Each structure stands twice: as C-alpha cells, then as structure tokens.
Amino acid sequence: MTINLKNQIAIVTGAASGIGRAIAFKLMENGTKVYAFDLNGELLHKHFGNNEQFVPVTIDVTNRKRVNDEVFSIISKEKKIDILVNCVGITGITNIKSHEVDVENVKLVFDVNFMSCVYTSQAVIPNMLEHHYGRILHLASIAGKEGNAGMLAYSASKAAVIGMTKVQGSEYAESGITINAMAPAVIRTPLVDNMPDEQVKFMTDKIPMKRCGTLDEAANLALYILSPENSFTTGFTFDLTGGRARY
Ligand SMILES: NC(=O)c1ccc[n+]([C@@H]2O[C@H](COP(=O)([O-])OP(=O)(O)OC[C@H]3O[C@@H](n4cnc5c(N)ncnc54)[C@H](O)[C@@H]3O)[C@@H](O)[C@H]2O)c1
C-alpha cells in the first residue's frame with residue numbers, strides 16, 4: 001500500500017510538541033500542507049523552521065472565535081480542508097482521588113481536551129461536506145476507555161472524546177468523511193514527563209509489552225487513519241497500548 005497525500009490540506013492542533021508534532025511531520029513527508037495550531041508559537045517555529053508545506057498558527061484552541069476565524073481564513077485561501085487532527089491535550093492535576101479534585105481544574109481539562117475538538121470539528125465539517133471528503137482524528141487515550149485511577153479530569157475528558165467520535169462517525173458515515181480516534185497508553189512526551197513519577201509508573205506497569213509506545217508508532221498509525229485508504233472505518237477508537245486494551 002502506498003499512501004499519497006499530495007496536495008492535501010491539514011490542520012493539526014498541538015503540533016508544537018510530542019504526538020502532534022510527529023503526525024505533522026509524517027503528513028508533510030507524505031505531501032500534505034500542514035497548518036500547525038499551537039499555543040506555543042516559539043516551539044512551532046523552532047521545530048519546523050522555514051518549510052513551504054508548513055504554516056504555524058499560534059492559537060489557543062479553547063477560544064472558539066479564534067478557531068472559527070483561522071479555519072475561515074484557511075478555507076478562503078486553500079478552498080478545502082482534507083484532514084483535521086486534534087492533538088492538543090493536558091492532563092491537569094493527577095495522582096489525586098476524585099473527592100479531592102479541584103472542579104475548576106476539571107473544567108479546564110474538559111475545555112482543552114474536549115471542547116477544543118468540538119470547536120475544530122464544527123469549523124471544518126461544513127467544508128468537508130461540501131467536498132464529500134474528509135479525515136478527522138481525535139487523540140483520545142486508554143485513560144478514556146478504562147478510567148485511570150488518580151486521573152478523573154483527564155480520563156473523563158478522553159471518554160467524552162471517544163463518545164463524540166462515535167457520534168460523529170455515525171452522523172457523517174455516508175458523507176465521505178471518516179472520523180476516528182486513537183487511544184495511546186504511554187508515549188514519552190512532555191505531557192508524560194510533567195506527571196508525577198508514581199502516576200507514570202501506575203500507567204506503564206499496565207502495558208503487557210512492558211515498554212512505552214514510540215512517536216513513530218503513533219504517527220504511522222495516524223497516517224493510515226488519515227489516508228484515503230482508511231475508507232471503511234469510522235467512529236472507531238484505534239488502539240495503541242502495547243496490548244493493554246484488547247477490545
Ligand atoms: N503522550 C502520551 O502518553 C499520551 C497518551 C494518551 C493520549 N495522549 C494524547 O495525545 C495528545 C498529544 O499528547 P502529547 O503527549 O503529544 O502532549 P504534549 O504536551 O507533548 O503536546 C501537547 C501540545 O498541545 C499544546 N496545547 C496545550 N493546550 C493548548 C491550547 N489550549 N491551545 C493550543 N495548543 C495547546 C501544547 O503547547 C503542546 O504543544 C493529547 O491529546 C494527549 O492527551 C498522549
């Protein structure tokens with residue numbers, strides 16, 4: 001199978017770091033022009049430099065108006081958006097029991113992890129419907145399938161992403177748009193490095209392959225999900241857990 005994404009236009013959120021950055025590079029390697037959305041404009045410029053296939057957009061994706069304005073301006077210029085990848089994510093406070101969580105932190109995590117995916121998908125889907133084609137990938141997590149102890153806000157926000165993926169997959173199944181999620185276990189990125197050691201050990205101990213996933217493994221799976229070849233799977237959460245989730 002050869003994957004050709006030449007002349008495709010993508011938006012990747014959270015593209016300055018970790019999984020989003022790896023997926024953005026993988027898409028560019030395969031011919032896609034990537035609009036890279038991230039809060040951290042400095043990091044976007046540092047990692048990608050001058051590249052005509054890459055457009056950095058410094059943005060807070062919890063700001064719905066900004067998201068709508070940026071997507072509108074991309075569509076005005078490019079006429080179409082083929083691919084949306086939602087990689088923005090924060091864990092919020094972890095290693096804490098549910099009765100002790102700060103509800104403001106839960107709201108913040110939902111805004112970043114869930115509402116941002118609602119905003120970006122609402123902004124791109126009308127254009128994809130007009131073109132009868134689209135590939136959307138939301139980054140969920142094994143935490144959303146299983147509920148990691150100590151991670152109420154994160155786990156529940158990722159469960160919401162999985163639920164939204166099922167809804168959107170069903171709603172647009174006949175439109176040429178596929179909408180899927182990916183649920184990694186642990187991949188060493190700044191998101192994981194900033195968590196308490198005890199919480200990271202709890203998560204990695206549960207992986208049957210006894211190792212973390214790699215950025216390349218995440219990007220390769222994403223490349224397939226985002227390709228025209230992925231034409232008969234929608235509303236599905238792809239596994240990336242080294243054997244932890246067998247369902
Ligand atoms: N790394 C893992 O082990 C793992 C496991 C399961 C799921 N995930 C999910 O994968 C996705 C990517 O995670 P990662 O590990 O690459 O994280 P990361 O911390 O390396 O990257 C996240 C990026 O999102 C950006 N960001 C955060 N809030 C933002 C906002 N409001 N607006 C715009 N940009 C914002 C950050 O600046 C950062 O560049 C997340 O959704 C995460 O929950 C990661």
Side-chain angles (χ1 to χ4, degrees), residues 11-26 35-48 56-67 70-71 84-92 94 105 107-120 136-148 151 153-162 164-165 180-195 199-204 206-207 209 211-219 221-222 225 237-242 244-245:
I11 294 173
V12 180
T13 78
S17 174
I19 299 170
R21 185 175 137 215
I23 294 175
F25 269 114
K26 187 63 77 177
Y35 284 80
F37 284 20
D38 205 288
L39 261 183
N40 194 333
E42 202 180 318
L43 213 53
L44 281 177
H45 286 278
K46 184 171 156 211
H47 290 318
F48 294 90
V57 180
T58 306
I59 182 173
D60 179 347
V61 290
T62 65
N63 182 333
R64 187 180 180 206
K65 183 172 180 326
R66 274 291 322 274
V67 168
E70 288 300 337
V71 170
L84 167 67
V85 193
N86 277 312
C87 289
V88 155
I90 56 171
T91 60
T94 64
N105 190 251
K107 287 181 187 168
L108 171 71
V109 172
F110 263 79
D111 259 358
V112 175
N113 292 3
F114 176 67
M115 290 312 297
S116 71
C117 300
V118 175
Y119 300 152
T120 53
I136 296 180
L137 172 62
H138 303 300
L139 260 292
S141 168
I142 181 67
K145 279 182 156 183
E146 299 215 331
N148 280 348
M151 300 179 73
Y154 186 76
S155 302
S157 71
K158 293 299 184 178
V161 170
I162 292 170
M164 178 174 62
T165 304
N180 292 291
M182 189 199 284
V186 186
I187 296 175
R188 277 283 175 184
T189 66
L191 177 124
V192 173
D193 293 341
N194 289 330
M195 291 167 76
Q199 187 71 58
V200 177
K201 183 172 175 347
F202 168 86
M203 298 188 306
T204 38
K206 286 179 181 286
I207 300 175
M209 286 188 190
R211 69 169 176 88
C212 293
T214 67
L215 287 173
D216 221 34
E217 286 167 334
L221 180 57
I225 296 169
T237 298
F238 283 79
D239 175 67
L240 194 71
T241 62
R244 180 171 166 194

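Order of appearance sets the numbers: ligands from 1, and atoms from 1 within every ligand. Along the sequence shown, residues carry numbers from 1. Note that the structure is a prediction, hence the values are computed from the model and not measured.
Distances from atom 31 (N) of ligand 1 to the heavy atoms of D60, V85, V200 show the closest one on D60. One option in V161, L240, L191 has a heavy atom closer to atom 17 (O) of ligand 1 than any other, and that option is L191. The heavy atom nearest to atom 4 (C) of ligand 1, out of those in N113, D111, V112, I19, is found in I19.
Contact analysis puts Y154 in contact with ligand 1, with a non-hydrogen atom separation below 4.0 angstrom. Residue contact check for ligand 1: K158 places a non-hydrogen atom closer than 4.0 Å to it. Ligand 1 is never approached by A218 to a heavy-atom distance shorter than 4.0 Å.
When only non-hydrogen protein atoms are considered, atom 22 (C) of ligand 1 lies nearest to G89 O, 4.0 Å. With hydrogens left out, the protein atom closest to atom 6 (C) of ligand 1 is P184 O, 3.4 Å, a heavy atom. For atom 40 (C) of ligand 1, the nearest non-hydrogen atom of the protein is C87 O, 3.3 Å. In this structure, atom 37 (O) of ligand 1 lies nearest to the protein heavy atom D38 OD1, 2.6 Å. Distance from atom 20 (O) of ligand 1 to its nearest protein heavy atom, with residue and atom name: S17 OG, 2.6 Å. When only non-hydrogen protein atoms are considered, atom 32 (N) of ligand 1 lies nearest to V61 N, 3.0 Å. Counting only heavy atoms of the protein, atom 7 (C) of ligand 1 lies nearest to A140 O, 3.1 Å. The protein non-hydrogen atom at the shortest distance from atom 14 (P) of ligand 1 is T189 OG1, 3.5 Å.
A heavy-atom distance below 4.5 Å is not found between the side chains of V192 and C212. Between F37 and V12 there is no side-chain heavy-atom pair separated by less than 4.5 Å. I207 is not listed as a side-chain neighbour of T241, based on a closest heavy-atom distance of 4.5 Å or more. Proximity of V200 to R188: side-chain heavy atoms (C-beta onward) are separated by under 4.5 Å at one or more points. At least one side-chain heavy atom of L221 sits under 4.5 Å from a side-chain heavy atom of F238.
Those atoms of ligand 1 that come under 4.0 Å of a heavy atom in A185, given as number and element, are 3 (O), 5 (C), 6 (C). Ligand-side atoms of ligand 1 in range of G14: 23 (C), 24 (O), range being under 4.0 angstrom from any heavy atom. For ligand 1, the atoms sitting less than 4.0 Å from at least one non-hydrogen atom of I59 are 32 (N), 33 (C), numbered in the order shown with element in parentheses. For ligand 1 and A16, the ligand atoms under 4.0 Å from any heavy atom of the residue are 39 (O). Close contacts of ligand 1 with V186, meaning ligand atoms under 4.0 Å from a residue heavy atom, involve 3 (O). When each atom of ligand 1 is checked for a heavy atom of V192 under 4.0 Å away, the hits are 1 (N), 2 (C), 3 (O). For ligand 1, the atoms closer than 4.0 angstrom to any heavy atom of G18 are 16 (O), 20 (O).
At distances below 3.5 Å, not a single donor-acceptor pair connects side-chain atoms of K145 with backbone N or O atoms of A140.
Residue T62 has no N or O atom closer than 3.5 Å to an N or O atom of ligand 1. At under 3.5 Å, a nitrogen or oxygen of V88, whether backbone or side chain, sits near a nitrogen or oxygen of ligand 1. Checking only distances, L39 does come within under 3.5 Å of ligand 1, N or O to N or O. Polar contact with ligand 1: absent for N40 (N/O pair, distance under 3.5 Å). An N or O contact shorter than 3.5 Å is missing between S141 and ligand 1 by distance. Taking distance alone, with nitrogen or oxygen atoms compared against 3.5 Å, I187 approaches ligand 1 more closely than that limit.
Just one of T13, I136, I11, V85 meets the side chain to side chain contact (heavy atoms under 4.5 Å, CB included) condition when paired with T120; it is T13.
Residues satisfying the ring pair (Phe, Tyr, Trp, His ring centres under 6.0 Å) test with F25, not counting sequence neighbours, are F48. Checked against salt bridge (charged side-chain N to carboxylate O under 4.0 Å, His left out), E42 has no partners two or more places apart in sequence or in another chain.
Within 6.0 Å of the CZ atom in R64, the count of heavy atoms belonging to other residues, nucleotides or ligands does not exceed 12.
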Go through it in stages, so that I can follow the logic: the residues are K65 and E70, the test is salt bridge (Lys or Arg N to Asp or Glu O under 4.0 Å), and I'd like the CA-CA distance, side-chain angles, deciding distance and then a yes or no.
CA-CA 9 Å; K65 183 172 180 326; E70 288 300 337; over 6 Å; no
Chi angles and distances behind the salt bridge (Lys or Arg N to Asp or Glu O under 4.0 Å) call for K206, E146:
CA-CA 11 Å; K206 286 179 181 286; E146 299 215 331; 5.6 Å; no
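Nearest heavy-atom pair, A15 versus A36, reported as atom, atom and distance to 0.1 Å: CB-CB, 3.6 Å. Nearest heavy atom pair, residue G41 against residue T58, reads CA-OG1, 3.3 Å. The two residues A183 and T237 make their nearest non-hydrogen contact at CB-CG2, 3.6 Å.
Between K26 and D216 there is a salt bridge, with a side-chain nitrogen of the basic residue lying less than 4.0 Å from a carboxylate oxygen of the acidic one.
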